[in-house]
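Not measured: the values here are computed from a predicted model. The chains referred to below are lettered A, B, ... by the order of the sequence lines, with proteins before strands, and numbering in each begins at 1.
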Number of protein chains: 2
Amino acid sequence: MTSTEGMGLERVSTERTPLRPTRQRTAVAEALASVDDFRSAQDIHDLLSRAATPVGLATVYRTLNALVEAGEVDMLRTEDGEAIYRRCSETHHHHLVCRSCGATIEVEGPAVERWTTAIAAEHGYSEVSHALEIFGTCGSCQR
Amino acid sequence: MTSTEGMGLERVSTERTPLRPTRQRTAVAEALASVDDFRSAQDIHDLLSRAATPVGLATVYRTLNALVEAGEVDMLRTEDGEAIYRRCSETHHHHLVCRSCGATIEVEGPAVERWTTAIAAEHGYSEVSHALEIFGTCGSCQR
DNA sequence: CGCTGTTTGACAATCATTCTCAATCGAGCG
DNA sequence: CGCTCGATTGAGAATGATTGTCAAACAGCG
Ligand SMILES: [Zn+2]
Ligand SMILES: [Zn+2]
Ligand SMILES: [Zn+2]
Ligand SMILES: [Zn+2]
């Protein structure tokens, strides 16, 4: 929660080529940390050009993907297929997203986890993973 | 299950502008009926040009979207954001998809339905909907 | 300082999807 | 039938997100 601290950017990808914590990579991480809902790569890019830390669009995409790989951020797709990103907790969870303002809440559901693996096994599927998002209208957007 | 019978294309969209069952619209519906896994719009288009019933790409997209609107087909997105479509049962369900060959199984989970609405209500979200897909490697693709 | 592998970013290239719009179709009508 | 008019089609252009290119800028190191 301390801005960039603990984001683990300094040690992204414990395997492979250890990424170097450059100015632009930090900037992207900070931008993500400064908002609490999902944003598109272009949003982040705009946000950074508006501020005093311009970062090339290509770099924003590269960094975002690296962060997703590293499990530092969650990525999901809007109705029309655009990728949106959000800084999330490291543990497995799902999202309750406001369809109107984008307010996001992380939720956990052991029952769901159990159910999906059970169903998959039941049908002989292995290496199971799943994607679950809940959409609705949040309290503030209601009235 | 009887090829095109009961696909409801003849009465798509009971509201709005009642769509006319044209040659190309029927062709797309049949193409979808002939496969049992998810296919991209381009796949359908190729499939139709290969056969003796060419249908313009734009029309394929238009028809597919119409069918989705009408709730006749399910659409979901691949990892890289491409839209894929599948003829499905009318009732609410989820998908267990083979990551390798695409084999799809429709599954139901009352528990999940209950959980999502409960969680949403708990956080003051209304007009709740959700998206859940399960991915894995099917039995045949295992060995 | 020079050397070398990494990172960047302006710009071009991809690619799925949508838009345009003139040509074609088809159901109802005289 | 043959005509009319809105619905439909499709070739090709346009859009827009994402990725690829590659030369220039950088960073750690001897
Ligand atoms: Zn809201
Ligand atoms: Zn889960
Ligand atoms: Zn389905
Ligand atoms: Zn399979």
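The distance from atom CE of M75(B) to atom C1' of dT17(C) is 10 Å, rounded to the nearest whole Å. The nearest whole Å value for the distance from the CZ atom in R39(B) to the P atom in dT17(C) is 15 Å. When rounded to the nearest whole Å, the span between CG of D43(A) and C1' of dT18(D) equals 15 Å. As rounded to whole Å, 13 Å separates atom P of dA17(D) from atom CZ of R77(B). The separation between L57(A) atom CG and dT21(D) atom P is 17 Å, rounded to whole Å. Between the C1' atom of dA16(C) and the CG atom of L76(B) lies a distance of 16 Å, rounded to the nearest Å. Rounding to whole angstrom units, CD1 of residue I84(B) and C1' of dA16(C) are separated by 14 Å.
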*List the steps and the verdict of side chain to side chain contact (heavy atoms under 4.5 Å, CB included) for Y85(A) and S40(A).*
CA-CA 6 Å; Y85(A) 308 79; S40(A) 74; 5.9 Å; no

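For the pair N65(B) and dT18(C), the criterion of a side-chain N or O lying under 4.0 Å from OP1 or OP2 is met. OP1 or OP2 of dA17(D) has at least one side-chain nitrogen or oxygen of Q42(A) nearer than 4.0 Å. For dT7(C), neither phosphate oxygen OP1 nor OP2 lies less than 4.0 angstrom from any side-chain nitrogen or oxygen of R23(A). For dA17(D), the OP1/OP2 oxygens have no side-chain nitrogen or oxygen of S40(A) closer than 4.0 Å. Residue T59(B) has a polar side-chain atom (N or O) positioned under 4.0 Å from OP1 or OP2 of dG10(D). Residue Q24(B) places no side-chain N or O under 4.0 Å from the OP1 or OP2 atom of dT8(D).
Although no hydrogens or angles enter the test, the distance criterion places a donor-acceptor pair under 3.5 Å between the side chain of R77(A) and the main chain of E79(B). Looking only at distances, a side-chain donor or acceptor of T104(B) sits under 3.5 Å from a matching main-chain atom of G102(B).
Here the two rings, on H130(B) and H92(B), have centers that are under 6.0 Å apart.
Listed nucleotides: dT7(C), dT17(C), dC19(C). Nearest to the side chain of A58(B): dC19(C). Closest to the side chain of Y61(B), out of dT8(C), dA17(D), dA16(C), is dA16(C).
Following chains of ILVMFWY side-chain contacts shorter than 4.5 Å, one can reach V55(B) starting from L64(B), so the two form part of one hydrophobic cluster.
Counting atom types as modelled, R62(A) pairs no side-chain N or O with a base atom of dG20(D) as donor and acceptor under 3.5 Å.
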